[in-house]
Amino acid sequence: MANRVALVLGSGGARGYAHVGVIRELESRGYEITAISGASMGALIGGLWATSKLDDYCDWAERIDYLEMIRLMDISLSKPGVIKGDRLFARIREIMGNHRIEELEVPYTAVATSLTTRKEVWFQRGDLVTAIRASCAIPSLFSPVEMRGQLLVDGGVLNPLPMAPTGAAVADMVVAVDLLGEVSLDSGRMGRKEDPSESVLESWFRKLSGKKEKQPEVALLDSLNLMDVSNQAMEMMQESLSRYKMAGYLPDIHISVPRNTCQFYEFHRFQDIAETGRQLAVKALDQWETEKIDQPHALLEADPV
């Protein structure tokens, strides 16, 4: 059975922890990841895997609570982004270490977006953590990364599911993990454990973004804030872009993670989000493997040239 995988990891905030579950399921079945591309959280998880530091990161992510997460979100209201990200990416560098992309054992691409040129930027060389930071710079939330005269933001702005970088990969199949799937009635409960810190965390994000606490019978417009509108508008745009990208580069396996799996900031919910990704991978891989077994092998007859 074909087992070399070119893995495409999409953007989507904390839903990116679903990528961990997908990777673990692929590896448990003996699949070999031979190339990886990612945008935003997809770039981070892919980079951690490529440096063999994914387990170290997961050990930390499983222990993080809302207080530490708030501490890592170094606020800077004077910057073009609510969160500077210096503390967060310093911690990521501690876990991951210093690596250059071109020296990784598998081809790796982190996708960012240049506000200066209004084009995609593919990082396939240079410092890995810097590339990941640029790819993760969510507009209005994280400060852009300035590099060589360009301002770089989240790769998901133009390419939330970067299929094209895997086009030349030495692989038997392409697996794409899309974090902007259709809303599921079950996704919010899949592997979910109630956490009393969630109300505190939600309150903190409300204060950060100027959002009022929930009130009964409030007009829909009054219940939203700038961050809500910005995030929902960006996700709508990304959904459309993902469909467009897949029309040109159709993956062999498309794993769709419902967009209501969690809020984009719920990074303290590592375990149940990763488990959601694993369960979705089990379903997709079972179906693909069954179909491959049922399909007859193609027969080719070679005539002399």
Hey, could you give me the NE2/CD1 distance between His268 and Ile64, rounded to the nearest 0.5 Å?
10.0 Å
Asp178 side chain reached by His254 side chain, heavy atoms, under 4.5 Å
yes
Taking only residues two or more places apart in sequence or in another chain, which ones pass side chain to side chain donor-acceptor pair (under 3.5 Å) with Tyr17?
Tyr57
Worked verdict on Leu115 versus Val153 for side chain to side chain contact (heavy atoms under 4.5 Å, CB included):
CA-CA 7 Å; Leu115 296 179; Val153 297; 3.7 Å; yes
Could you list the residues that satisfy side-chain contact (heavy atoms from CB on, under 4.5 Å) with Glu32, not counting sequence neighbours?
Arg4, Thr34
Interatomic distance, CG@Leu9 vs CD1@Ile23, rounded to 0.5 Å, equals 5.5 Å
Counting only pairs under 3.5 Å, give me each side-chain donor-acceptor contact of residues 38-56, with atom names and distances, residues two or more places apart or in other chains.
{"from": "Ser40", "atom 1": "OG", "to": "Asp154", "atom 2": "OD2", "distance (Å)": "3.0"}
{"from": "Trp49", "atom 1": "NE1", "to": "Glu27", "atom 2": "OE2", "distance (Å)": "2.8"}
{"from": "Thr51", "atom 1": "OG1", "to": "Gly47", "atom 2": "O", "distance (Å)": "3.0"}
{"from": "Thr51", "atom 1": "OG1", "to": "Leu48", "atom 2": "O", "distance (Å)": "3.1"}

Residue pair Tyr108, Leu128: steps toward the side chain to side chain contact (heavy atoms under 4.5 Å, CB included) verdict:
CA-CA 10 Å; Tyr108 168 90; Leu128 177 60; 3.4 Å; yes
Here the salt bridge (Lys or Arg N to Asp or Glu O under 4.0 Å) pairs for residues 277-286, sequence neighbours left out, are Glu25-Arg278, Arg29-Asp286, Glu275-Arg278
Verify the cluster assignment for Leu104 and Ile95: are they in a single hydrophobic cluster under the rule of side-chain heavy atoms below 4.5 Å apart?
yes
Please report the closest heavy-atom contact between Ser11 and Leu180, naming both atoms and the distance.
O-CG, 4.3 Å
For Ala176 and Leu161 the tightest heavy-atom approach is CB-CD2, 4.2 Å
d(Asp59 CG, Phe270 CZ) to nearest 0.5 Å is 8.5 Å
Got a second to check how far Leu152's CG is from Thr116's OG1, nearest 0.5 Å?
7.0 Å
Are any of the side-chain heavy atoms of Leu280 and Val257 separated by less than 4.5 Å?
yes
Could you work out, with side-chain contact (heavy atoms from CB on, under 4.5 Å) as the rule, every residue matching Ala131, not counting sequence neighbours?
Ile101, Ala110, Phe123
Which residues satisfy the side chain to side chain donor-acceptor pair (under 3.5 Å) test with Ser28, sequence neighbours excluded?
none
Residues Val145 and Ala134: closest non-hydrogen pair is CG2-CA, 3.7 Å
With rounding to the nearest 0.5 angstrom, report the CD1 to NE2 distance, Ile255 to His19.
10.0 Å
Do Glu291 side-chain atoms and Trp288 backbone N/O form a donor-acceptor pair below 3.5 Å?
no
Taking only residues two or more places apart in sequence, or in another chain, which ones meet Ser114 in a side chain to side chain donor-acceptor pair (under 3.5 Å)?
Thr117, Gln150
Could you tell me which non-hydrogen atom of Pro139 sits nearest to which non-hydrogen atom of Val157, and how far apart they are?
CG-CG2, 3.8 Å
Which atom pair, heavy atoms only, marks the closest approach of Ile132 to Phe89?
CG2-CE2, 4.1 Å
Check: Val8 and Val177 side chains under 4.5 Å, non-hydrogen atoms:
no
State, with a plain yes or no, whether a side-chain heavy atom of Val121 is found less than 4.5 Å away from one of Thr113.
no
Taking every heavy atom of Gly97 against every heavy atom of Val129, the minimum-distance pair comes out as O-CG2, 4.0 Å
What about Leu285 and Val282, same hydrophobic cluster or not, with Ile/Leu/Val/Met/Phe/Trp/Tyr joined at side-chain heavy-atom distances under 4.5 Å?
no
Backbone N or O of Arg259 within a donor-acceptor pair of the Arg15 side chain at under 3.5 Å?
yes
Pairwise salt bridge (Lys or Arg N to Asp or Glu O under 4.0 Å) hits with a residue in residues 112-123, at least two apart:
Glu120-Lys245
Check whether any side-chain heavy atom of Phe264 lies under 4.5 Å from a side-chain heavy atom of Leu141, and answer yes or no.
yes
Those residues at least two apart in sequence (or on a different chain) that pass side-chain contact (heavy atoms from CB on, under 4.5 Å) with Pro107 are Ala35
Could I get the full list of side chain to side chain donor-acceptor pair (under 3.5 Å) partners for Glu94, not counting sequence neighbours?
Arg91
Are the side chains of Ile253 and Pro251 in touch, meaning some heavy atoms are under 4.5 Å apart?
no
For Asp127, salt bridge (charged side-chain N to carboxylate O under 4.0 Å, His left out) partners two or more places apart:
Arg93
To the closest 0.5 Å, what do you measure between CD (Glu266) and OG1 (Thr261)?
10.5 Å
So, the side chain of Thr166 versus the backbone of Ala6: is there a donor-acceptor pair under 3.5 Å, distance only?
no
Do Arg133 and Asp86 come close enough that some side-chain heavy atom pair is under 4.5 Å?
yes
Flag yes if more than 12 heavy atoms outside Glu102 fall under 6.0 Å of its CD atom; otherwise flag no.
yes
Is there a side-chain contact between Val175 and Met173 in this structure, where contact means two heavy atoms from C-beta onward sitting under 4.5 Å apart?
yes
Members sharing Trp122's hydrophobic cluster, built from side-chain contacts under 4.5 Å between Ile, Leu, Val, Met, Phe, Trp and Tyr, are Val111
